Amino acid sequence: MATAPPAAVPVVGVCDVKAPASKSEAIEMRIDKWSALPSEHVVGYARQGRTDSEIMHAAGDKWLIQVNPGGFSMPSETEEVVQRRKERVALFLKYEGDSEALLTEFSITLVNQLPGSADKTA
């Protein structure tokens, strides 16, 4: 009797840090099997529905990207706001370094893998 193959596990990892040793760097992160990520709506600091990348190094510090496919809201927000945010994806760039005072600028570009769809920068 044949056994079923193991369930696909999403991969959230850093592919490349471009322009190392400069003050302006780009990190490329790929999420394979997006549909397999947990998609529960995240309220506050709950762990369900949240996926973190591996720690990455850019601009001389440590970072990670947190992906919440089911959206994110705070416990103090109204039910109307929570319902609206359940329809969105939340992405966070989280600082994991030691500095107590850090000023940075960043943008996130989502590269759509579907044919005929445009990429988005936020």
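Predicted, not measured: the structure shown is a model, and the values here were computed from it.
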Out of curiosity, K62 NZ to I55 CD1, how far, rounded to the nearest 0.5 Å?
7.0 Å

side-chain hydrogen bond (donor to acceptor under 3.5 Å, both in side chains) involving E87 - partner list, sequence neighbours excluded
none

CD (E79) with more than 12 external heavy atoms under 6.0 Å:
yes

Would you confirm whether W63, through its side chain, and A58, through its main-chain N or O, come within 3.5 Å as a donor-acceptor pair?
yes

Under a 4.5 Å side-chain heavy-atom rule over Ile, Leu, Val, Met, Phe, Trp and Tyr, are V89 and V82 clustered together?
no

Which atom pair, heavy atoms only, marks the closest approach of V42 to R50?
CG1-NH2, 3.0 Å

Which donor-acceptor pairs under 3.5 Å do side chains of residues 65-78 form with protein atoms, sequence neighbours excluded?
from	atom 1	to	atom 2	distance (Å)
Q66	NE2	D52	OD1	3.4
S73	OG	H41	NE2	2.7
E77	OE1	M74	N	2.8
E77	OE1	R85	NH1	2.9
E77	OE2	R85	NH1	2.5
T78	OG1	V81	N	3.2

So if you build clusters from Ile, Leu, Val, Met, Phe, Trp, Tyr with side-chain heavy-atom gaps below 4.5 Å, do Y95 and L91 land together?
yes

